[in-house]
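Have a look at the structure below, then the notes.
Owing to the predicted nature of the structure, the values given are computational and were not obtained by experimental measurement.
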Amino acid sequence: MHPPSPHALDLATLAQAEQPSGWLAGFVARDYPKGYLLASPGDARDQVFVVKSGRLRVYLAGETRELSLSFLEPGDIYTTHTPTYVQTVSPCTLWCIHTADFARRLASDPTITPAMMRVLGRLLRNAVTLIDDLAFREVPARLARFLLGLVERRGQPQADGWLIPLELGTEDIASLLGSTRQTVSQLLNQWARDGILARPGRRQLLVRSRQALENLSAS
């Protein structure tokens with residue numbers, strides 16, 4: 001069995017290249033402003049892109065509501081040819097290539113497949129979790145489950161709890177949970193007053209009581 005390609009393992013580093021060479025040969029770097037709608041269901045644009053910098057939101061939209069499925073960050077790979085909306089939430093630079101050209105590249109060099117599966121797997125996992133939460137759980141339980149997931153994936157043990165980086169804003173978190181910014185903010189503030197959480201920094205949360213969050217997630 002051949003060892004995994006370093007490109008497949010570290011696409012985020014590969015995406016930082018200044019010129020399209022190696023695996024990125026054939027890709028074109030394009031800049032997009034914040035709030036740009038890159039793709040929508042039925043859109044004629046048909047391209048694959050790798051995020052070089054910035055953040056994009058993948059979501060579904062109805063007449064009165066939007067549901068976020070995931071956020072794409074540097075190193076993530078996605079396509080405009082899906083039944084989802086894709087919009088920049090900060091200024092972005094993307095490596096872009098036409099889907100047909102990408103398919104030919106993939107056929108001759110499948111090392112990127114693991115990176116693609118990672119992103120698609122995250123989207124599917126987020127979608128299933130969102131459906132489950134909307135059907136069976138109230139907002140406090142959804143938020144508790146979200147924070148517990150961050151603890152498991154990124155939590156840094158501290159003497160008084162678990163420190164987690166909070167790269168998403170309150171509005172982004174609310175969108176992922178099918179809630180509102182006001183509701184999520186009120187819950188975070190209440191849990192801070194209850195001693196469950198603390199905010200040591202602007203983009204950080206300290207989970208002081210993991211057990212309390214587990215109890216809330218089951219309610």
Could you pull out every donor-acceptor pair under 3.5 Å between side chains of residues 172-181 and any protein atom, sequence neighbours left out?
residue	atom	partner	partner atom	Å
Asp172	OD2	Gly169	N	3.4
Ser175	OG	Arg57	NH1	3.2
Ser175	OG	Ser68	OG	2.2
Thr180	OG1	Thr183	N	3.2
Thr180	OG1	Thr183	OG1	2.9

Determine whether a donor-acceptor pair (N or O, by modelled atom type, separation under 3.5 Å) exists between the side chain of [X] and the backbone of [Y].
X      : Y      : value
Glu73  : Arg55  : no
Gln156 : Trp162 : no
Ser217 : Ala144 : no
Asn189 : Gln186 : no
Thr93  : Lys52  : no
Arg142 : Arg137 : yes

> Between Ser70 and Tyr78, does any side-chain donor sit less than 3.5 Å from a side-chain acceptor?
Replying inline: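 Ser70 vs Tyr78: no donor-acceptor pair found between side chains.
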
> Tell me, which pairs form a salt bridge (Lys or Arg N to Asp or Glu O under 4.0 Å) where one or both residues lie in residues 34-49, sequence neighbours left out?
Replying inline: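 As it turns out, the salt bridge (Lys or Arg N to Asp or Glu O under 4.0 Å) pairs with a partner in residues 34-49, which skip direct neighbours, are Asp43-Arg45.
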
> Which pairs pass salt bridge (Lys or Arg N to Asp or Glu O under 4.0 Å) with one or both residues in residues 94-107, sequence neighbours excluded?
Replying inline: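 Residue pairs passing salt bridge (Lys or Arg N to Asp or Glu O under 4.0 Å), neighbours aside: Asp101-Arg104.
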
Kindly give the heavy-atom pair with the smallest separation between [X] and [Y], and that separation in Å.
X      : Y      : answer
Tyr85  : Ala61  : CE1-CB, 3.6 Å
Ala17  : Leu24  : CB-CD1, 4.3 Å
Pro140 : Trp191 : O-CH2, 3.4 Å
Gly54  : Pro74  : O-CD, 3.4 Å

Can you name the ring pair (Phe, Tyr, Trp, His ring centres under 6.0 Å) partners of [X], sequence neighbours left out?
X      : result
Phe27  : Trp23
Phe71  : none
Phe146 : none

> Could you go step by step and tell me if Thr80 and Leu38 meet the side-chain contact (heavy atoms from CB on, under 4.5 Å) rule?
Replying inline: CA-CA 7 Å; Thr80 60; Leu38 186 69; 4.3 Å; yes

Heavy-atom count check: over 12 atoms from other residues, nucleotides or ligands less than 6.0 Å from [X] [atom1]?
X      : atom1 : result
Gln182 : CD    : no
Gln211 : CD    : yes
His81  : NE2   : no
Glu171 : CD    : no

Contact between [X] and [Y] at the side-chain level, heavy atoms closer than 4.5 Å - yes or no?
X      : Y      : result
Val207 : Ile196 : no
Leu94  : Leu56  : yes
Leu143 : Leu188 : yes
Thr82  : Val58  : no

